[in-house]
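These notes are about the structure you will find just below.
Every chain is numbered from 1 and lettered A, B, ... according to where its sequence line falls, protein lines coming before strand lines. This is a predicted model, so every value here is computed, not measured.
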2 protein chains.
Amino acid sequence: MDTDALERRMTARGLRRTPQRLAVWRAFAERPGRTIREVVAQLHEQGIGQATVYRAVRALEDAGLLLRFAAPHGEVRFAAVLGHAHLLVCERCGAVESLEECHLGAYEAEVARRSDYLVSGHTLIVYGVCPHCREGA
Amino acid sequence: MDTDALERRMTARGLRRTPQRLAVWRAFAERPGRTIREVVAQLHEQGIGQATVYRAVRALEDAGLLLRFAAPHGEVRFAAVLGHAHLLVCERCGAVESLEECHLGAYEAEVARRSDYLVSGHTLIVYGVCPHCREGA
DNA sequence: TCCATACCTGATAAATCTTATCACTTGTCG
DNA sequence: CGACAAGTGATAAGATTTATCAGGTATGGA
């Protein structure tokens, strides 16, 4: 993923570009759909404290660089994003892919009109079974 | 909300219709977007133990009767649903409304074709600021 | 480049949230 | 109406998340 865009976004939000934060973001970018705990365990071996991971996740999430979502079975997972994103999640193995197209502009406008909300965005997660898990079944 | 449909779904899934579970579901139906802790506190006054609330939430979620989602600021919240549902969430006050229309059938089919996933469903959450909070600002 | 400063980090403790255990109760089905 | 598996409440145990604080470091300006 594009680390330049990431760093630009971070400075734009007044966040320092520390190696710890970049490592956290990269951990979720390399393998989307991991839990915080998994990343805490991985980065702890690299000398990054757990509190730092939790703080980084919060900061990156607030900046719109991480997307938090509730996977099947209730686990909270994250995916690295650069702004808007749709996700495709495998219910079996937890694999996460990014969907680029978004046809919801008109729908958002309709929702805004009918609800009188000031709509700011949306999160769309599509669930299914990935090709690999389909074979295995 | 329709308690009949709820009970039919519960028995269809092999879940017993206990008063505790109905109370949990109703708590999230009356005011969508609450956290588990909030409901634990409310129902504890009615003599329902916290472990029961956690167990009920898991059972109802597995049965597709509760939707778990990550609200802004990372809090995990729930809404009572009867199958498919889209949510409209206020970023300020946390109010949650249900959106009935769904125009994503064609999109799902397209995603399935392109990704080779067996698509089973989706979750859509629209964020914004509700009319009440807009006035207050 | 170097400094000053506000922001960030790591370690630990504390607080919070979630699950396990167990004796007892209650829906469900024949 | 029973029998029995499933569910419940209280408590303890376990897991996750946040607070604290002393020290480190990225950043912007001289």
Side-chain angles (χ1 to χ4, degrees), chain A residues 3-4 6-28 33-63 65-66 68-78 94, chain B residues 3-4 6-28 33-63 65-66 68-78 94:
Chain A
T3 307
D4 261 13
L6 168 69
E7 301 194 1
R8 260 183 276 117
R9 272 186 101 93
M10 287 181 72
T11 47
R13 309 260 176 173
L15 292 178
R16 286 190 182 171
R17 289 175 288 186
T18 67
Q20 292 88 344
R21 284 176 176 170
L22 295 182
V24 168
W25 191 84
R26 232 186 338 263
F28 288 111
R34 301 166 101 178
T35 64
I36 287 195
R37 252 172 313 108
E38 289 166 355
V39 171
V40 163
Q42 178 197 325
L43 295 185
H44 193 274
E45 297 173 356
Q46 300 172 27
I48 297 178
Q50 63 170 350
T52 298
V53 175
Y54 279 96
R55 284 183 292 230
V57 165
R58 169 173 292 189
L60 292 170
E61 189 184 10
D62 286 349
L65 296 166
L66 279 183
R68 178 190 303 240
F69 64 96
H73 304 92
E75 286 168 305
V76 173
R77 298 176 174 277
F78 294 84
Chain B
T3 307
D4 261 14
L6 168 68
E7 301 194 1
R8 260 182 276 116
R9 271 186 101 95
M10 289 181 69
T11 47
R13 308 261 177 173
L15 292 178
R16 286 188 182 173
R17 289 174 287 187
T18 67
Q20 291 89 343
R21 285 177 176 168
L22 295 182
V24 168
W25 190 84
R26 222 178 289 116
F28 287 111
R34 302 166 101 179
T35 64
I36 287 195
R37 295 304 301 181
E38 288 166 356
V39 171
V40 163
Q42 178 197 324
L43 295 184
H44 192 274
E45 297 173 356
Q46 300 172 27
I48 297 178
Q50 63 170 352
T52 297
V53 175
Y54 279 96
R55 283 183 293 229
V57 165
R58 168 172 293 189
L60 293 170
E61 189 184 10
D62 286 348
L65 296 164
L66 279 184
R68 178 190 303 240
F69 63 98
H73 303 92
E75 286 167 307
V76 173
R77 298 177 174 278
F78 294 83

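In this structure, the side chains of B:L6 and B:R26 stay at 4.5 Å or more apart for every pair of heavy atoms. Within the 4.5 Å cutoff, no side-chain heavy atoms of A:D62 are placed close to those of A:R13.
For the pair A:R21 and A:A56, the tightest heavy-atom approach, listed with the atom from each and the gap, is CG-CB, 3.9 Å. Shown here for B:F28 and B:T35, the closest heavy-atom pair between the two residues is CE2-O, 4.0 Å. Scanning both residues, B:M10 and B:R16, for their nearest heavy atoms gives CE-O, 3.2 Å.
Put simply, the residue from A:V40, A:L60, A:T18, A:I36 that forms a side chain to side chain contact (heavy atoms under 4.5 Å, CB included) with A:V24 is A:L60.
One atom, CZ of A:F78, and another, C1' of D:dT17, lie 11 Å apart when rounded to the nearest Å. Protein atom CG of A:L60 is 17 Å distant from nucleotide atom P of C:dC7, rounded to whole Å. Following rounding to the nearest Å, B:M10 (CE) and C:dT28 (C1') show an atom-to-atom distance of 13 Å. Across the protein-nucleic acid pair, B:R21 atom CZ and D:dT8 atom C1' stand 10 Å apart, rounded to whole Å. To the nearest angstrom, C1' of C:dT9 lies 14 Å from CG of A:L22. To the nearest angstrom, C1' of C:dC8 lies 16 Å from CG of A:D62. The nearest whole Å value for the distance from the CD1 atom in A:I48 to the C1' atom in C:dC8 is 12 Å. Here the P atom of nucleotide D:dG9 and the CD atom of B:E45 are 15 Å apart, to the nearest Å.
With sequence neighbours excluded, no residue forms a side-chain hydrogen bond (donor to acceptor under 3.5 Å, both in side chains) with B:E38.
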Where do N or O atoms of nucleotides 25-28 of chain D meet protein N or O atoms at under 3.5 Å, pair by pair?
{"unit_1": "D:dT25", "atom_1": "O2", "unit_2": "A:R16", "atom_2": "NH1", "d": "3.3"}
{"unit_1": "D:dA26", "atom_1": "N3", "unit_2": "A:R16", "atom_2": "NH2", "d": "3.4"}
{"unit_1": "D:dT27", "atom_1": "OP1", "unit_2": "A:R17", "atom_2": "N", "d": "3.2"}
{"unit_1": "D:dT27", "atom_1": "OP1", "unit_2": "A:R17", "atom_2": "NE", "d": "3.4"}

Would you mind building the protein contact string for nucleotides 17-25 of chain C? One character per nucleotide, 5' to 3', B for base within reach (heavy atoms under 4.0 Å), S for sugar-phosphate only, - for untouched. SBBBB----
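A donor-acceptor pair is defined here as one N or O able to donate and one able to accept, closer than 3.5 Å; such a pair exists between the side chain of A:W25 and the backbone of A:L65. Judged purely by atom type and a 3.5 angstrom limit, B:R34 uses its side chain to pair as donor or acceptor with the backbone of B:A27.
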